[in-house]
Amino acid sequence: MSTNPSGPARPDEASPAGGPSNFVRDIIIEDIGNGKNGGRVHTRFPPEPNGYLHIGHAKSINLNFGLAREFGGKCNLRFDDTNPEKEDIEYVESIIEDAHWLGGDWEDRMFYASDYFEQLYEWAVKLIKSGDAYVCDLSAAEVREQRGTLTEPGQNSPYRNRSVEENLDLFARMRAGEFPDGSRTLRAKIDMASPNLNLRDPLMYRILHSEHHRTGNDWCIYPTYDYAHGQSDSIEGITHSICTLEFEDHRPLYDWFIEKLGIHHPQQIEFDRLNLTYTLLSKRKLLALVQNGRVRGWDDPRMPTVSGLRRRGYTPEAIRTFCQNIGVSKTNGIIELSLLEHYLREDLNRRALRVMAVLRPLRVVIDNYPEGRVEEMEAVNNPEDASAGTRKVPFSKVLYIEQDDFREDPPKQYYRLSPGREVRLRYGYFITCTGVVKDDAGRVVEVHCTYDPETRGGNAPDGRKVKSTIHWVSASHAVPAEVRLYENLFTRENPSDDSEGKQFTDYLNPNSLEVLTGCQIEPSLAGAAVGARYQFERLGYFCPDLESKPGALVFNRTVALRDTWAKIEKKLK
Ligand code: ATP
Ligand code: MG
């Protein structure tokens, strides 16, 4: 399996100023040293509102806002909303929420490329007047055919030498709505023989009689990404326009427009897109999963979207630490999903309260424990954080333990409860199994035990040892809950791999969601609210789901306890 060639940057390589060292940062430091842009640093995060943000966007947000913060600069949020057919206000709203949640702070600088439509139009007219743009009547298919290939030059459009007057007239009439969709375009007049296909008279405007979520029906021509993006950067006074590597070949075009127009010139810098194993980071494919009901929405906890990760129980801090540690480079690679989970566990380990919950309950009756008695056992809230204190957990005669923690016929090396065996109940007593009750089908439905009153708190005064400690809840005190367990959404490391004539939906994991009802949770969680994070002892990290409410608790398992990454690291050492 390939990994990012630069490898995760080590935290100790971070600069004293706080920002992780990388080539983009080096460029900025050099520019500041040279007094470029008067020493200003101004970046932007430019999502297209055609889907929800995902973990790849988080990398870009972390980089852009992080650099601005580090160098006392600014970072704008700009919606790159030039494609009305795919965009929607729902996406705008979710992006604002998610970018904020990740720590993006654009103060009062939230902009839309659509705010610049009039200016962009005027500049297009200017380019027509200087002979650098023309109206072309070729269809999209014809443009494609005449574009040439990497080895063959393209052909000049028969409309390439229209007079400035004719171009101005036609472009004005395009705007006025005289022509149907697709009948004409405005193209930059550059070089149909350029080895860079992006410079072969690229489109600047297309006709699209489509209502825009902000400008309504004011426009029926819309600028392309290539024409709108650099000019929007320039209008906002951006100094460093940081984007992903696939735009490297577009940089000459970015520079060409800016130079022809003679306006402020931001520098485009490209970095590697984030790819994660077992994960898709394409809005188009994520949208397909949502639309086809393969997941329960954009914020399904299995989705790599920011809203999905949040609902799953990720913290913005864990995502930020992940982004800082993977660094940025000039080569695309693929990062292990387990690395993201590693940083998540590290963060949750510090902050999550430890509690006891039984997901698949088995009744345990302690025969020699007095009927009706309830003891309050003292339990530690977080061994990593003494300030989190302790809490009382009720203990009584009838408990639930995990079905997994009992075997009538224990295999070798199974040290948990079984007939005749003594184990420790966490924060409770030592108990010994004395018998079982079975249903008609022969399944164990109840386990009988005795307890040793001398072992309160979990230690025997005579020093005898037990080989395992299991968690429990008191049956009459526990609160019921639904618990949702997740596995990777895809079964394949690279679900985009279509080499075997398959598509990504063929690799959906049928077991990605398991819903457990009838779970029993310790009573301190009866009022658990969204935003709280817990470690269910021995089971993993969990959080209340958006649908959870008192009386009808629903928890998501954020991540299991086992840290495969830590294991891999250990092996590598
Ligand atoms: P998608 O392919 O998911 O539609 P996109 O690049 O079209 O992504 P935009 O909304 O245009 O999505 O992206 C906004 C910003 O986020 C851009 O600057 C883009 O480069 C960056 N970005 C998008 N995906 C990733 C990724 N996987 N890793 C890093 N940055 C990304
Ligand atoms: Mg894009």
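Whatever order the structure lists them in is the order used to number ligands and atoms, beginning at 1.
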In terms of ring plane angle, is the pair [X] and [Y] parallel, tilted or perpendicular, where the classes change at 30° and 60°?
X: F65; Y: W106; answer: tilted
X: Y222; Y: F117; answer: perpendicular
X: F247; Y: H250; answer: perpendicular

Donor-acceptor pair, N275 side chain versus G333 backbone, under 3.5 Å?
-> yes
For Y227, does its backbone N or O pair with a side-chain atom of Q231 as donor and acceptor, under 3.5 Å?
-> yes
Over 12 non-hydrogen atoms of neighbours within 6.0 angstrom of NZ in K86 |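 It does not: K86 NZ has 12 such atoms or fewer within range.
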For K189, look at atom NZ and say whether over 12 heavy atoms of other residues, nucleotides or ligands are found less than 6.0 Å away.
->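 More than 12 heavy atoms, drawn from other residues, nucleotides or ligands, come within 6.0 Å of this atom.
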Is the closest N or O pair between [X] and ligand 1 shorter than 3.5 Å?
X: D272; result: no
X: F45; result: no
X: K59; result: no
X: R44; result: no

Nearest to [atom] by heavy atom, [options]: which?
atom: atom 6 (O) of ligand 1; options: K285, K283, R273; value: R273
atom: atom 30 (N) of ligand 1; options: C243, G51, G56, P304; value: G56
atom: atom 28 (N) of ligand 1; options: N332, N64, L287, L274; value: L274

Carboxylate-amine/guanidinium proximity below 4.0 Å for E236 and R44 = no
Give a yes/no on ligand 1: does R284 have at least one heavy atom closer than 4.0 angstrom to it?
->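 False for this residue.
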Quick check on contacts: which atoms of ligand 1 are under 4.0 angstrom from a heavy atom of [X]?
X: S282; value: 3 (O)
X: L281; value: 3 (O)
X: P46; value: 14 (C), 18 (O)
X: P47; value: 10 (O), 14 (C)

Mode of F271 contact toward ligand 1 - side chain, backbone, both, neither (heavy atoms, under 4.0 Å) |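 Looking at F271 and ligand 1, just side chain atoms fall under 4.0 Å.
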Cation-pi check, R184 to F179: give yes when NZ or CZ is under 6.0 Å from the six-membered ring centre and within 45° of the ring axis, no otherwise.
->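 Positive - R184 is close enough to the ring of F179 and near enough to its axis.
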